[in-house]
Amino acid sequence: MALHSMKDVSKTDKFRVAIYGKPGTGKTSTAKYLTGKSIIVPFDNSEKVLGGLDNIEAETFDKSIPTKELARLATELPKELTGFNNLILDNVSALEKAWFIEQGRNSKSGIRNELQDYSGWTNFFIRVIDSFYKLPINILVTAWETQNDFTSMTGQTFDQYSPQLRDSVRDTFMGLTDVVGRVMVNPDTGKRGVILEGNDGIYAKNRLDSRKACAVEDLFNWETKPADKK
């Protein structure tokens, strides 16, 4: 057996946080509230909103060849993490779209996806996210939002907001992630916040502290409990 004590393990060390929302709600710019130095992998090439910040460096990612690029990152990223505190994967919804476009381009028709692409994406994405999540660094993931049918315990059906990913990978992805929050903008004040507690209409979870919602700028200011202190 290979037991190790949990006494000195902090819940918020090497956190995995995912936020989702409509385009333009400031998901990518939330990265500026991370403490320390960050690497961003821009799957949708929207990293320029972080321009002017000297603690964030952007990895080059050619979304026309996502399979090859992710294989390269799997080899190169572990060697580049020294001195960095955070890795930002921006945005996995765009990555999914780019991957299916690539597979369609490589199909017999040259444009349409084939049946095996859908099961292939399930295996591919789970392997990719698992390899990223094993890295010894904090990770922030962003995604667009969508609405899916959700059946409650009482049998009622709701349209539930959640990250825009295919059903086959979304639940596993959210299960592996410590915090999943929906970014929203208050129409009256223009201020942005993150919903951290889910309900029938919104998927959200927070297993790192007791907050149910917070301002975007406070997202990474974890409540520290005595058991978390080293």
Side-chain angles (χ1 to χ4, degrees), residues 2 4 6 8-21 27-28 30-31 33-44 47 56-61 63 66-99 119-145 162-183 194 196 198 203-209 211 219-220 222 228 230:
H4 65 279
M6 297 300 294
D8 296 325
V9 174
S10 169
K11 290 192 295 184
T12 57
D13 185 33
K14 300 180 183 61
F15 59 74
R16 279 75 178 103
V17 172
I19 55 174
Y20 66 94
K27 299 179 295 299
T28 303
T30 300
Y33 301 114
L34 289 163
T35 301
K37 295 187 65 177
S38 304
I39 296 175
I40 182 170
V41 182
F43 297 131
D44 62 355
E47 71 277 18
I56 299 179
E57 296 189 20
E59 178 69 52
T60 299
F61 187 85
K63 63 181 182 181
T67 303
K68 183 177 180 181
E69 285 289 78
L70 287 167
R72 177 182 63 80
L73 288 176
T75 301
E76 295 180 358
L77 263 182
K79 304 172 185 175
E80 297 176 354
L81 296 180
T82 301
F84 288 91
N85 307 93
N86 314 290
L87 174 65
I88 305 152
L89 305 176
D90 183 48
N91 122 16
V92 291
S93 305
L95 172 64
E96 182 178 77
K97 188 180 293 291
W99 189 85
S119 59
W121 169 248
T122 302
N123 296 330
F124 181 77
F125 181 80
I126 298 302
R127 288 205 310 271
V128 166
I129 204 67
D130 185 61
S131 67
F132 280 128
Y133 275 18
K134 286 179 179 176
L135 295 173
I137 195 168
N138 300 320
I139 295 180
L140 169 65
V141 184
T142 71
W144 292 317
E145 73 175 20
S162 64
Q164 187 182 101
L165 287 168
R166 295 190 65 78
D167 294 350
S168 61
V169 302
R170 186 176 54 247
D171 289 346
T172 301
F173 165 65
M174 295 191 299
L176 294 171
T177 305
D178 297 317
V179 174
V180 180
R182 183 185 181 216
V183 179
V194 186
L196 299 173
Y203 186 93
K205 62 182 280 192
N206 178 8
R207 63 187 182 195
L208 297 186
D209 62 25
R211 293 176 300 166
L219 177 59
F220 308 109
W222 310 112
D228 290 334
K230 294 184 177 181

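- Pairs engaging residues 71-91 under the salt bridge (Lys or Arg N to Asp or Glu O under 4.0 Å) rule: E59-R72, E69-R72, R72-E76 [sequence neighbours left out].
- A donor-acceptor pair is defined here as one N or O able to donate and one able to accept, closer than 3.5 Å; no such pair exists between the side chain of D44 and the backbone of A94.
- Distance alone, capped at 3.5 Å, is enough to place a donor-acceptor pair between the N85 side chain and the K37 backbone.
- The OG atom of S38 sits 5.0 Å away from the CD1 atom of I56 when rounded to the nearest 0.5 Å.
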Stepwise, does the side chain to side chain contact (heavy atoms under 4.5 Å, CB included) test hold for N91 with W144? CA-CA 7 Å; N91 122 16; W144 292 317; 3.1 Å; yes
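- Within the 4.5 Å cutoff, side-chain heavy atoms of K14 are placed close to those of P136.
- Nearest heavy atom pair, residue A143 against residue Q164, reads CB-N, 4.5 Å.
- Here the side chains of L89 and L87 are in contact, with some heavy-atom distance below 4.5 Å.
- In this structure, Y33 OH and L219 CG are separated by 10.5 Å, a value rounded to the nearest 0.5 Å.
- Between the side chain of T172 and the backbone N or O of V169, no donor-acceptor pair lies under 3.5 Å.
- Two residues are said to be in side-chain contact when any heavy atoms from C-beta on lie closer than 4.5 Å; N86 and I39 fail this criterion.
- A donor-acceptor pair is defined here as one N or O able to donate and one able to accept, closer than 3.5 Å; such a pair exists between the side chain of N206 and the backbone of R211.
- E96 has no carboxylate O lying under 4.0 Å from a charged side-chain N of R166, or vice versa, which leaves the two without a salt bridge.
- Interatomic distance, OG of S168 versus CG of N123, reported as 9.0 Å (0.5 Å rounding).
- Looking at T30 and F220, their side chains come closer than 4.5 Å, going by heavy atoms from C-beta outward.
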Assess the residue pair I139 and I137 against the criterion (side chain to side chain contact (heavy atoms under 4.5 Å, CB included)); give the C-alpha distance rounded to whole Å, side-chain angles, the decisive distance to 0.1 Å, and a yes or no. CA-CA 6 Å; I139 295 180; I137 195 168; 4.1 Å; yes
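- Checked by atom type and distance alone, the side chain of T177 never pairs as donor or acceptor with a backbone atom of V179 at under 3.5 Å.
- K205 contributes a side-chain N or O that, together with a main-chain N or O of M174, makes up a donor-acceptor pair within less than 3.5 Å.
- Counting only heavy atoms from C-beta outward, the side chains of L140 and I40 never approach each other to under 4.5 Å.
- Between D178 and R16 there is no salt bridge, since no side-chain nitrogen of the basic residue lies less than 4.0 Å from a carboxylate oxygen of the acidic one.
- Ring pair Y203/Y20: centre-to-centre distance not below 6.0 Å.
- Taking the six-membered ring where the residue is Trp, Y133 and F173 present tilted rings, their angle falling between 30° and 60°.
- Separation of the W222 and F15 ring centroids falls under the 6.0 Å cut-off.
- At a threshold of 4.5 Å between non-hydrogen side-chain atoms, the residues F132 and V141 do not count as touching.
- Within the 4.5 Å cutoff, the side chain of F61 has heavy atoms near those of the P66 side chain.
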Side chain to side chain contact (heavy atoms under 4.5 Å, CB included) for T142 and V92? Distances and angles first, verdict last. CA-CA 6 Å; T142 71; V92 291; over 6 Å; no
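- Contact between V180 and P163 at its shortest, heavy atoms only, is CG1-CG, 4.3 Å.
- Within the 4.5 Å cutoff, no side-chain heavy atoms of T35 are placed close to those of N138.
- Taking 4.0 Å as the cut-off between side-chain N and carboxylate O, D167 and R170 count as a salt-bridged pair.
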